[in-house]
Structures are given as C-alpha cells and as structure tokens.
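Heads up: the structure comes next, in structure tokens.
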Number of protein chains: 2
Amino acid sequence: MTQTPTVNFANFLHELSKVTSAMKGFMRQKFKEHDVNITFEMLQVLRFLWGKDGVNQQEIADAILKDKASLTYLLDNLVRRKLVQRTEDSQDRRNKIITLTDEGQEMKDLIMPWITEMFEIAGRNIPSELIGSGLILFEAIYLNFEQQNK
Amino acid sequence: MTQTPTVNFANFLHELSKVTSAMKGFMRQKFKEHDVNITFEMLQVLRFLWGKDGVNQQEIADAILKDKASLTYLLDNLVRRKLVQRTEDSQDRRNKIITLTDEGQEMKDLIMPWITEMFEIAGRNIPSELIGSGLILFEAIYLNFEQQNK
DNA sequence: GTTTAATAGTTAAACAACAAACTAATTTTA
DNA sequence: TAAAATTAGTTTGTTGTTTAACTATTAAAC
C-alpha cells in the first residue's frame, strides 16, 4: 500500500478534465463543420441506440451514466430533432420504448467515422499497455469510492 | 507505435466518466452533510483562490479550465453567498480583481480536509507508479489533440 | 385481495457550460 | 497620434445536470 501525495492526485484530476474537454471539443467541432445540430450528450444516446434499439429510458440512462431526469430532457431534444421516437410499452405501461427514426439511424454512417477518428487521434503513438493501465487505474479508483459508500 | 482498438478507448471514456462523477458525488455528499451551500464548481474557484488570492477572472478561468462566461456566472453565485468579492483594478480597468471574504477564507479549514479525504480514498491501495502512468497517458492524449488542432 | 414497495417517467428550480454578440478598456501598428 | 486589434468581462439563448416532489403502473407482502 503506497500513500499517494494529494498534490499528485490534484494534477491527475486536472489532466483528466483536459482530456474530457478535448474530446468533447473535437466532436463539437465536427458537428459544427458539418451542420449537424446535436450535442456530445445527444450523441451518447444515439451511439447507444445504434448498438441496441428499442429499449426503455432507464436502460439508456444506466448505460451512459446519466440519471433518468437528464434522459427525459435529452430525449425531448432528440424527439424534437426527429432522431428518435417514444412509444408506450403495452406489456408494462410504465415503460416508454425508445426507437431511432430513419433519420436517426442514417446519422450513424455520417457520425461513426468521426468517433473512430477521435479515438484514433487520442490513441496516436500511445502504447496500448498504457491505455490498459489507465483502465485499471480508473477501475481501482472507482472501486475505492464504491467501497467507501457501503 | 501501437494501434489502439477503438473499443478499448470507448471503455476508457466510460470509466473516466465514472471516476469523475464518483468524485463530484463524494464532495456533494460532504457539502450536504455539513449544510455547506456550494457546488463542486464553486469549490474549484475557491480552491484556486485559497492558493492565490487577488487575481482577475480570466486567470481563474484558465487555471480551472472554464471559459470566462462560466466564470462570470460562478462568481455571481459566490458573491451572492458572500464568499468572494469583485473589485475593479485601478491599474487596468478591464480587470476585476477577485478576493476571498473572511468567510470564504475560513471555509478553507472546513473543506480542505474533505478534499484530502477524497484523494486519500481515490488513491487507496493504488501504487503511485500507476497514478504516474495515468498522468503520462492523459498528457499524451491531450497533446495528440493539441497537435491535431495546429 | 388489499395494502405497501418499488419502478418508470415527468416536472420544476437552481446551477453550470458553450457560443455568439456585445461593451469598455488597453495595446499595437501604421 | 488615429485606427485597428486585442483583452476582460457581461449578456442572452440553448443545452445539460441535479435534487426533490410528483404521477402512474407494477410487483411484493401481509
């Protein structure tokens, strides 16, 4: 067990924010260049649906780490843009089933290459073992907080 | 030079979000428990000022990675809570100098231990070399995006 | 079987982020 | 020095997040 100096961790958080905003910024730039009127957060929803369509809001929320109130709001905006639609689930009327519209489905072909490009840039000249360490590190930190909240 | 699979990176982003929200959640919890009416973002401003008081808004914005419009808003909220004050800079009247009030200064003694605790929890049982790898990784990713935007 | 729990989704209010347009002050440059 | 460019800060509009209270529906417990 090693004691990690606080100052090191403060740096860590700072760099982490820089990476997050660089990635968001990259996508925002792409959207702007191609006149695609969506946000990074809406993309998170679409990206999930491109992989698995026809689920309820809670499942999307859990998958992309947002609460259900945020999802309601995000989906309102996606419905307004005619990219997804809500249907009531006749099996369980508490659920609303979210499906992509044709337009929402088609966006995949346009946008997925940008995501690939973003990850390609991010990982440029970085050994995959280093990415692996990052993953292990994140999981360890997250587990530490989980442990704390028990 | 190793090619990093996209799927790996998507995971990376996901875990990164989990860590970020665990940390924000931890602080939010502390604030709530002790009836401290500030947010994580306001804390970022205070934390900077505890280290260096009496600077203009842009310097704070650059240091904590926010744009100046967000800073205007955050400072409005901090002024309303009587934790900081704005003064016009007589040397350069474009500037507004931000200083802590006594109350804002005193909060340091209350809150800093929570930040230390947060970092202590985060780093529990994590070798400092792994944190070091994380830092190197972030800096590399960030530089990749910087390079891209030249 | 009726009461109680839990689950899915919505709403409202306060807070925050981002872009774009704006004012005011200072610096550069021609 | 006068015009142009830069810098600091504000404002507005749209979007996103969080908490808490709320409705409706389903499942569990008694």
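By convention in this document, chain letters (A, B, ...) are assigned in the order of the sequence lines, proteins followed by strands, and residues within each chain are numbered from 1.
- Distances shorter than 4.0 Å separate none of the side-chain N or O atoms of B:Asn77 from OP1 or OP2 on C:dA14.
- Atom CG of residue A:Leu110 and atom NE2 of residue A:His34 lie 6.5 Å apart, to the nearest 0.5 angstrom.
- Between A:Lys96 and C:dT10, a side-chain N or O to OP1/OP2 separation shorter than 4.0 Å is present.
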Considering only distance and modelled atom types, tabulate donor-acceptor pairs under 3.5 Å from the side chains of residues 53-66 of chain A, sequence neighbours left out.
residue: A:Asp53; atom: OD1; partner: A:Leu100; partner atom: N; Å: 3.1
residue: A:Asp53; atom: OD2; partner: A:Leu100; partner atom: N; Å: 3.4
residue: A:Asn56; atom: OD1; partner: A:Gln58; partner atom: N; Å: 3.3
residue: A:Asn56; atom: OD1; partner: A:Glu59; partner atom: N; Å: 2.9
residue: A:Asn56; atom: ND2; partner: A:Asn95; partner atom: OD1; Å: 3.3
residue: A:Gln57; atom: OE1; partner: A:Arg86; partner atom: NE; Å: 2.9
residue: A:Gln58; atom: NE2; partner: A:Asp62; partner atom: OD1; Å: 3.1
residue: A:Glu59; atom: OE2; partner: A:Lys52; partner atom: NZ; Å: 2.6
residue: A:Lys66; atom: NZ; partner: A:Gln44; partner atom: OE1; Å: 3.1

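- For the pair A:Arg94 and C:dT7, the criterion of a side-chain N or O lying under 4.0 Å from OP1 or OP2 is not met.
- Residues A:Leu65 and A:Glu88 both approach DNA chain D. Their nearest nucleotides, taken by heavy-atom distance, put A:Leu65 toward the 5′ side.
- A close approach under 4.0 Å does occur between a side-chain nitrogen or oxygen of A:Arg86 and OP1 or OP2 of C:dT10.
- Distance alone, capped at 3.5 Å, places no donor-acceptor pair between the B:Asp89 side chain and the B:Ile97 backbone.
- A sub-4.0 Å separation between OP1 or OP2 of D:dT10 and a side-chain N or O of B:Lys68 is absent.
- Within the nucleic acid shown, B:Lys32 comes within 4.0 Å of sugar-phosphate atoms alone, with no base atom in reach, counting heavy atoms only.
- When both distances must be under 3.5 Å, the Watson-Crick or G-U wobble mate of C:dA5 does not exist.
- OP1 or OP2 of D:dT15 has at least one side-chain nitrogen or oxygen of A:Arg80 nearer than 4.0 Å.
- With A:Phe31 as the fixed residue, the side-chain contact (heavy atoms from CB on, under 4.5 Å) test singles out one of A:Thr39, A:Asn37, A:Ile111: A:Ile111.
- Across all strands shown, B:Leu71 has no heavy atoms under 4.0 Å from either base or sugar-phosphate atoms.
- Annotated as anti: C:dA6, whose O4'-C1'-N torsion sits more than 90° from 0.
- Residues A:Phe12 and A:Phe9 bring their aromatic ring centres within 6.0 Å.
- Across all strands shown, D:dT26 forms no Watson-Crick or G-U wobble pair with both key distances under 3.5 Å.
- OP1 and OP2 of D:dG9 both lie 4.0 Å or more from every side-chain N or O belonging to B:Thr72.
- Between A:Leu46 atom CG and D:dG16 atom P the separation is 11 Å, expressed in whole Å.
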